[in-house]
Protein chains: 2
Amino acid sequence: MAEELNTGLLLFLPYRAMETRVFEELAAAGFDDITPSQARLFQRISPEGSRLSDLARQAGITKQSAGFLIDQLERLGYVHRAPDPADGRARLVQIAERGQRSVEAARAVVARVEAEWTSHLGERRMAQLRRILTDLREITDPWR
Amino acid sequence: MAEELNTGLLLFLPYRAMETRVFEELAAAGFDDITPSQARLFQRISPEGSRLSDLARQAGITKQSAGFLIDQLERLGYVHRAPDPADGRARLVQIAERGQRSVEAARAVVARVEAEWTSHLGERRMAQLRRILTDLREITDPWR
DNA sequence: GTGTTTGGTCAGACTATCTGACGAGGTCGG
DNA sequence: CCGACCTCGTCAGATAGTCTGACCAAACAC
């Protein structure tokens, strides 16, 4: 039954599936103390470190909420804060050692799930999907 | 910069954009008392009415949480509950008059946003996107 | 230099979610 | 037809995540 599901929901379903998988397998690998909200924020941290307000803006939450989540990630050893050499007010949130290991574990799960999708869709259509989504990003991603 | 963004995030961006738009425009149209969580559940209610536990399962939340949200939607006049003729334990959550109007308003916004996407991507690629996502649904939607 | 913007924190409130326990209504094997 | 078990929904209590508003200090714009 190929009914008329709205495109938003159609996008949401695989997104949720991916998130759930990464989550479950990360938990099984010992990263079982991180919550979905923390993870959604954590994944936005750039390799050089990110400012709290940038993270908040990208994730679409307030800086207070972001601060709350980063506090916890810091306590759990996933990130640490360093002064920003370029701006005395700011502090850079950087990925700590444990965070780095979790990033690698997550990347492996993502690769595995993407491989499953590719084997269901075929190489060609998987590549098409990524191209189209990347293109769509131009009008749907307010931050870059 | 067409970097290697993971497919999950690539799916999330347009999903979020769609949700945000529907939300803003619904609020502007007088449906400003509904929250995102309520809306995500509400959109799963089938035209004939749905059982609470089915809604919960489909939305991936507990039936307690679903009950909490449906209570509010009922108080706001979006839904009502009727006894399920097929099962004395169950009650059917049905869309009420105000809910019906909001469904129509939401449908109009979705159509508008999809039209924008189509005009950015072109008819052909928009159709491809929907086909591929529908296909992907087979392995990513646990509930049919 | 003074006024405005920006980065971050503190405090308080509220929303959404979970786990556990439960009662009443179905279902099924004997 | 009866007991064991399952399912639908609710109640109660705990916790997580989010917001608004107020604030300070550093940086930026003239």
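- At whole-Å resolution of the value, CD in Q38(A) and C1' in dA16(D) are 9 Å apart.
- Rounded to whole Å, the distance from CZ on R51(B) to P on dA24(C) is 20 Å.
- Distance from the side chain of R57(A) is smallest to dG7(C) among dC18(C), dT10(D), dG7(C).
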If you apply the rule side-chain contact (heavy atoms from CB on, under 4.5 Å), what do you find for L11(B) with L133(B), and how did you get there? CA-CA 10 Å; L11(B) 290 158; L133(B) 288 174; 3.8 Å; yes
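- The shortest side-chain heavy-atom distance between I45(A) and Q94(A) does not fall under the 4.5 Å cut-off.
- When rounded to the nearest whole Å, the span between CZ of F23(B) and C1' of dT15(C) equals 13 Å.
- Atom CD1 in I61(B) sits about 13 Å away from atom P in dG9(D), given to the nearest Å.
- Taking side-chain N and O atoms only, T62(A) has no distance below 4.0 Å to OP1 or OP2 of dT20(D).
- For dG12(C), the base has no donor-acceptor partner in the side chain of Q64(A) [N/O atoms by modelled type, under 3.5 angstrom].
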Run the numbers on F42(B) and L69(B) for side-chain contact (heavy atoms from CB on, under 4.5 Å), then give the verdict. CA-CA 9 Å; F42(B) 180 75; L69(B) 295 171; over 6 Å; no
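- Rounded to whole Å, the distance from CG on L92(A) to P on dG7(C) is 12 Å.
- E74(A) and Y78(A) share no side-chain donor-acceptor pair at under 3.5 Å.
- The nucleotide whose nearest atom lies closest to any side-chain atom of T35(A) is, among dA16(D), dT17(C), dT10(D), dA16(D).
- Salt bridge annotation for R89(A)-D84(A): absent, with no cationic side-chain nitrogen under 4.0 angstrom from a carboxylate oxygen.
- In this structure, K63(A) atom NZ and dT5(C) atom P are separated by 14 Å, rounded to whole Å.
- Going from atom CZ of F68(B) over to atom P of dC14(C) covers 12 Å, rounded to whole Å.
- Between S53(B) and the phosphate of dG9(D), there is a side-chain N or O to OP1/OP2 separation shorter than 4.0 Å.
- Between L52(B) atom CG and dT7(D) atom P the separation is 16 Å, expressed in whole Å.
- S65(A) comes within 4.0 angstrom of a base, heavy atoms only.
- The closest side-chain donor-acceptor pair between S50(B) and R44(B), if any, does not fall under 3.5 angstrom.
- Contacts with DNA chain C (heavy atom under 4.0 Å) in residues 71-90 of chain B: Q72(B), D87(B), G88(B), R89(B), listed by number.
- Residues E97(A) and R101(A) are paired through a salt bridge, judged by an N-O separation under 4.0 Å between the basic side chain and the carboxylate.
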